[in-house]
**Q** 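First, the structure itself, so that you have it in front of you.
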Amino acid sequence: MTYNIYTQLSLLTLFGLITKHGILIVDEIRKVRSHSAASMEDIVLAAAQARFRPIVMTTLCMILGVFPLIFAQGSGVIYP
């Protein structure tokens with residue numbers, strides 16, 4: 001696998017997506033916390049369970065969509 005500008009762009013996009021997922025989980029924790037008086041551990045587990053499927057689906061689609069960028073060859077290729 002080459003480490004070119006396309007690979008860098010795809011990794012940057014993947015890191016941004018992972019950050020977005022973290023923000024969405026924190027937002028879900030705040031929503032659950034405002035409606036529940038449970039312990040923080042239960043609230044975090046409930047929020048993670050609520051967001052698990054959308055996060056996995058979005059991440060898998062992103063990874064499959066980025067494959068062409070990861071394995072691209074062209075003018076931006078940097079050979080080690």
**Q** Quick one: hydrophobic cluster around I23, which other residues, with the 4.5 Å side-chain cut-off, linked directly or via members?
**A**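 Members besides I23: none; it forms no cluster.
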**Q** Transitively linked via ILVMFWY side-chain contacts under 4.5 Å: L60 with F52?
**A**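 Yes, it is one cluster - the side chains of L60 and F52 are joined through contacts under 4.5 Å.
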**Q** What pairs meet the salt bridge (charged side-chain N to carboxylate O under 4.0 Å, His left out) rule with one or both residues in residues 7-31, with sequence neighbours excluded?
**A**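 Qualifying pairs, neighbours excluded: D27-K31.
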**Q** Mind jotting down which residue pairs meet the salt bridge (charged side-chain N to carboxylate O under 4.0 Å, His left out) criterion with at least one end in residues 43-56? Sequence neighbours excluded, please.
**A**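 Found none.
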**Q** Any chance you could measure I55, atom CD1, to L17, atom CG, to the nearest 0.5 Å?
**A**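 That separation rounds to 9.0 Å.
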**Q** Please report, to 0.1 Å, the donor-acceptor pairs under 3.5 Å made by any side chain of residues 36-45, with sequence neighbours excluded.
**A**
unit_1: S36; atom_1: OG; unit_2: A38; atom_2: N; d: 3.2
unit_1: S39; atom_1: OG; unit_2: D42; atom_2: N; d: 3.4
unit_1: S39; atom_1: OG; unit_2: D42; atom_2: OD2; d: 3.2

**Q** Between CG of L24 and OG1 of T19, what distance do you get to the nearest 0.5 Å?
**A**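 Going from the CG atom of L24 to the OG1 atom of T19 covers 11.0 Å.
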**Q** Rounded to the nearest 0.5 Å, how far does OG1 of T59 lie from CG of L64?
**A**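 These two atoms lie 11.0 Å from each other.
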**Q** Could you state the interatomic distance from OG1 (T13) to CE (M62), rounded to the nearest 0.5 Å?
**A**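 So the gap between those two atoms works out to 4.5 Å.
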**Q** Please list, chain by chain and in numerical order, all residues satisfying side chain to side chain donor-acceptor pair (under 3.5 Å) with T58, sequence neighbours excluded.
**A**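 Side chain to side chain donor-acceptor pair (under 3.5 Å) list for T58, sorted by chain: empty.
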